[in-house]
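Here's the structure we're looking at; comments come further down.
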Amino acid sequence: MIKAGVIGHPIKQSKSPMIHGHWLGEHGIDGSYEAIDLAPDAFVQSVRDLQADGYAGCNITVPHKEAAFALCDDLTERAKIIGAVNTLVFRDDRIQGDNTDCEGFLANLMADAPHWNAATGPALVLGAGGAARGIVFALLDSGVPEIILANRTRGRAEALAADFAQVHVCDWADAEHAVGSVDLIVNTTALGMVGQPELILPLDALRPSTVVTDIVYNPLETELLKTARAKGSIGVDGLGMLLHQAVPGFEAWFGTRPIVTDALRKKIEAAL
Ligand code: ATR
């Protein structure tokens, strides 16, 4: 049996076991995918124990993505640039690390906003944490000419901008002034998620052709998306990113590239 899993702390909220379990069943693969709760001080040794125990690899989630990055023997180019990994593959006594969040973000955007063309214009990205770093990489890699980056803590946005040409920082309070001049708006913060304050971003100047996307998926329709849709824009929720980021790991461990279907999405939606 091929074994894999997801490591986080806490982890019981993770939908990854349900996603991978769905694909294992769909493809009739003799495999397992479990949720593994590891506190930071146990992380490194426990990953090595999983490798010694014959695991094919694992996903990594909060708060271990940087620790996992430091532990890898080999890194993909995108993981090196992003500085964090969410997918480990154990192969020939080595640990290979990749960051598939960026691929998941783009695949979701392409699926739900197929008319969006990266090259047409700038994007406004809110937030400058780990998720923002992966998304900025994905957007520039796909051809977005310029990113306006706004973060509550400006210094953190400036640190991110220093690593990427074409990223320009604006004050958090000034983000609304960029709304009318961008083709894509991305919320990478947790604002708008259940239990968090709402994201306050006036969308009065939003053009209907501008796509608005949120990495939050609980609730599926955040206030940001609701307002954008009411103004005629396409709103892309964060659930698809979660589903699509899982594809490369499943393929690496279980040998089959799975597909994100409506049936899978409905199943995960029902479990939220
Ligand atoms: P992740 O890996 O999910 O990006 P993170 O690295 O902790 O998590 O980053 C969280 C992001 O949400 C940051 O951009 C953070 O802004 P700060 O850098 O100023 O902390 C943003 N964020 C969290 N709570 C926020 C709030 N109440 N208002 C504005 N931004 C917030």
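Keep in mind the model is a prediction, meaning the values are calculated, not measured. Numbering of ligands and ligand atoms starts at 1, following listing order.
The closest donor-acceptor contact from the side chain of Thr188 to the backbone of Ile135 lies at 3.5 Å or more, if one exists at all.
Between Leu24 and Phe250 the shortest side-chain heavy-atom distance falls below 4.5 Å.
The existence of a salt bridge linking Lys226 and Glu223 is confirmed by a sub-4.0 Å separation between a basic side-chain nitrogen and an acidic carboxylate oxygen.
Looking at Asn187 and Asp214, their side chains do bring a donor and an acceptor atom within 3.5 Å of each other. Judged purely by distance below 3.5 Å, without hydrogens or angles, the side chains of His244 and Asn108 never pair a donor atom with an acceptor atom.
Sorted by chain and number, the residues within 4.0 Å of ligand 1 by heavy atom are Gly127, Ala128, Gly129, Gly130, Ala131, Asn151, Arg152, Thr153, Arg156, Trp172, Thr189, Leu191.
Below 30°, between 30° and 60°, or above 60°: for Tyr33 and Trp253 the angle between ring planes is between 30° and 60°, a tilted geometry.
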